[in-house]
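For this chain, numbers begin at 1 and follow the sequence in order.
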Amino acid sequence: MAAIIWLVAGLLLAAAEVLVGDLTLLMLGSAALVTAGVSGLTDTSLIVDAVVFGISAVALMLVVRPVLLRRYAVRPAKPMGMEALPGKTARVLEPVDEHGGRVKLEGEVWSARPLDPSDRYEEGATVYVAEIDGATAVVWKGP
């Protein structure tokens, strides 16, 4: 009877993993299935079942889960292209004011305008990119 309870618990935990996705419930479900196997093959007490579950759960969490996470976890995408430019520094090549200007950003010359239209940045100043608006870098002086 205990083996059936461990089997059901293991299947429920493995199914619940679909909702969570961090492999924790899958490891606990696998430990419950191991315990169901041991309980079904031997006539053990609940204490022995609990020890088998504990040992297998710890082993799966510490050994198998990290390997699976390294292999199958989706890594966050690294911003590329224009998405990576906000926050970067730029050097003012031509004065930047509400009418425009030029900055050197990541080795390329960009047209630029200030984030606050009342600001003006002189040639040689270091500014930060707040956003990219089309082909124009919107810059500010920063902290």
T35/D49 under side-chain hydrogen bond (donor to acceptor under 3.5 Å, both in side chains): CA gap, chis, key distance, verdict: CA-CA 6 Å; T35 306; D49 287 349; over 6 Å; no
Name of the residue among L46, V48, L41, I47 meeting side chain to side chain contact (heavy atoms under 4.5 Å, CB included) with T44: V48
[atom1] of [X] to [atom2] of [Y]: how many Å apart, nearest 0.5 Å?
| X | Y | atom1 | atom2 | result |
| --- | --- | --- | --- | --- |
| E131 | L115 | CD | CG | 7.0 Å |
| E17 | D22 | CD | CG | 5.5 Å |
| I55 | L60 | CD1 | CG | 12.0 Å |
| L19 | L25 | CG | CG | 8.5 Å |
| M27 | S56 | CE | OG | 11.0 Å |

Residues in side-chain hydrogen bond (donor to acceptor under 3.5 Å, both in side chains) contact with S30, at least two apart in sequence or another chain: none
Listed partners of V58 passing side-chain contact (heavy atoms from CB on, under 4.5 Å), at least two apart: L62
Cluster question for you: counting only ILVMFWY and a side-chain heavy-atom cut-off of under 4.5 Å, with indirect links fine, are [X] and [Y] together?
| X | Y | result |
| --- | --- | --- |
| L26 | Y72 | yes |
| V34 | I5 | no |
| V92 | V139 | yes |

Can you name the nearest heavy-atom pair linking [X] to [Y], along with the distance?
| X | Y | result |
| --- | --- | --- |
| S39 | A3 | OG-N, 3.5 Å |
| A57 | L28 | CB-CD2, 4.0 Å |
| M82 | G134 | SD-O, 3.9 Å |
| A32 | A9 | CB-C, 4.3 Å |
| P66 | M61 | CD-O, 3.3 Å |
| V103 | A137 | CG2-CB, 4.4 Å |

Heavy-atom check, side chain of [X] versus side chain of [Y], under 4.5 Å:
| X | Y | value |
| --- | --- | --- |
| L7 | L33 | yes |
| V38 | W6 | no |
| L93 | V109 | yes |
| S118 | D116 | yes |

Is there a donor-acceptor contact under 3.5 Å from the side chain of [X] to the main chain of [Y]?
| X | Y | value |
| --- | --- | --- |
| R91 | G124 | yes |
| Y121 | V127 | no |
| E94 | G101 | no |
| R65 | A59 | no |
| E106 | L85 | no |

Ion pair D133/R113, N-O distance below 4.0 Å: yes
side-chain contact (heavy atoms from CB on, under 4.5 Å) between V138 and I132, worked out: CA-CA 6 Å; V138 179; I132 301 295; over 6 Å; no
Residue pair T136 / S111, side-chain donor-acceptor N/O under 3.5 Å: yes
Crowding at CG, L68 (>12 non-hydrogen neighbours, <6.0 Å): yes
